[in-house]
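Only this structure's heavy atoms are used, side chains among them; waters, hydrogens and symmetry mates stay out. Proteins get letters first, then strands, A, B, ... in listed order; numbering begins at 1 in each.
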Amino acid sequence: MTIKEKQDELISDFSFMENWMDKYEHIIQLGKELPLIDEKYKTPDHLIKGCQSQVWLHTDMQDGKLIFTADSDAVITKGLVSLMITVFSGQTPKDIAAAEIYFIDAIGLSNHLSPTRSNGLLSMLKQIKLYAIAYEAKSQSQKNGTEL
Amino acid sequence: MQHVPDTTVPAIDVEKIRKDFPLLQEKVYGQPLVYLDNAATTQKPQVVLDTLIEYYTRINSNVHRGVHHLSQEATNAYENSRKTIAGFLNARKPEEIIFTKGTTDGINLIAYAFGRGEIKPGDVVLASAMEHHSNIVPWQMMCEDRGATLQIIPMDDKGELMMDQFSALLTDKVKIVAVTYVSNALGTVNPVRDIIAQAHARNIPVLLDAAQAVQHMPVDVQELDVDFLVFSGHKIYGPTGSGVLYGKEEWLDRLPPYQGGGDMIKTVTFAKTIYNVLPYKFEAGTPDISGAIGLEAAIKYVQQIGVENIQAWEEQLVEYAMQQFQQIDGLRFIGNPRNRSGAISFLIQDIHPYDLGELLDKQGIAIRTGHHCAEPVMDFFCIPGTVRASFAVYTTFEDIDRLVAGIKKAAAMLR
């Protein structure tokens, strides 16, 4: 599935939930199912610091695709992180770098991406994009036979 | 035996008071707002809002300058506010009241002026382990600048200051003690009379951060014999950007000015400037005139209800909340002081405070989560933060009931 298809699928999942409790219960459940980051990567290097909750993010390249694993000390943040990973993991750096993210807004969680929210989610989105851009630049320079 | 608060005889008419606050009539996510983040800021009564509008529609003008009618009116209103605040704190004179932007501004003023005037390399400033960042960082900056050291009065795991350690730390090197009257993160009321008495026995002045005190209990600066006391207008039902520094006249006269500019000078030549007298010496530039006048309206509002009555009401609220919280599975108090005012900090099992805050918000309940600008306090308890409920004159027992129900619902979802 493309990033767009994955986003549309999430939007459709959430559209069946009528109240905030159902949405949050779903998010909390997703958090519990999140593919956890290997403990050895839960280091300051992998930490995306929000003011209140923290997110650890690790990236691996497999067959030209980026695989993300993550964790957070707060369950709701972990659920939101899980949504992000569902959308981005297994996609190419090129697609991730170019992707437009609209699902957060569409499922009514846009306030989680405001800079004042301080839950690390906005920083995480930026970090995922940065990783993708860096991998993309690296593969471009390898194609051109130049060192980064 | 546990004392059951007598809720049938309220010290105040809370329903009438609530009608004075337009924002309390608002709904959040379709539910009546439960506002329990009063230690961060309080809502404003209509009389404060009216005063601000009245000022800008009728008398807006710069103070202390113009000969014209409006400037005189604005100056009178501004100076009347100073008198009201002097009366509220029982200062000897209005000149001992300096208008600031808030508590942080007041502490920065004293840290800077005291540092320049009184601190030499090797000197010590004493603060406590439960200070808000605003009563840590200005002193650190000053100490770094002057080659002095900031030392910390430790606290125990109940969130109370270790007074025997305080006595031991009070050496001749200590030049000022800066402590909070009431901890914003824990709700602890510190034994400030004892602190002041011990410091004064060694001729050491004391600054009290009263940001969480003046709205909750009577504060009399002469009875306390405190040298400096600061608070924020917006935490006592006044406008943001208004604040007060009280200083004993002899200290304020002795300290050098903080900021330079208009209003704080008597004469200026390129060779030498003669500074103005108190209080203007510490009020450079056009002050927050509307803020000062709005603050007066807020203080008069508090005086009308009676700060003793507010204290009695809030004591009942705190006691009721503590009892109700004890019924919640897995809840533990962060800070369990004998003397508490205004705020209760807690955690539930290993639930992250952010998660709890988020789910309470969705139920229309505003509380604060996080480190409350007191990271050293969180480090002390080895926690990422707390959930804090904080009360005001308009808080009701129903607010607490809704909070308790909200916590139970959120905890069930998060467990």
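Surrounding NZ of Lys129(A) are more than 12 heavy atoms belonging to other residues, nucleotides or ligands, all under 6.0 Å away. Shown here is Asn19(A), whose CG atom has more than 12 heavy atoms of other residues, nucleotides or ligands within 6.0 Å. With a 6.0 Å radius and a threshold of 12 heavy atoms from other residues, nucleotides or ligands, Glu144(B) has its CD atom at or below the threshold. Other residues, nucleotides and ligands place no more than 12 heavy atoms under 6.0 Å from the CE atom of Met141(B).
Residue pairs that meet the salt bridge (charged side-chain N to carboxylate O under 4.0 Å, His left out) test with at least one member in residues 22-40 of chain A, sequence neighbours left out, are Glu39(A)-Lys42(A).
When the salt bridge (charged side-chain N to carboxylate O under 4.0 Å, His left out) test is applied to Arg18(B), the partners found at least two apart in sequence or on another chain are Asp399(B). In this structure Phe333(B) satisfies the ring pair (Phe, Tyr, Trp, His ring centres under 6.0 Å) test with no other residue, sequence neighbours excluded.
With rounding to the nearest 0.5 Å, the separation of CG in Leu359(B) from CD1 in Ile76(A) is 4.0 Å. In this structure, NZ in Lys362(B) is found 3.5 Å from OH in Tyr24(A), a value given to the nearest 0.5 Å.
Interface residues of residues 132-140 of chain B toward chain A, defined by a heavy-atom distance below 4.5 Å: none.
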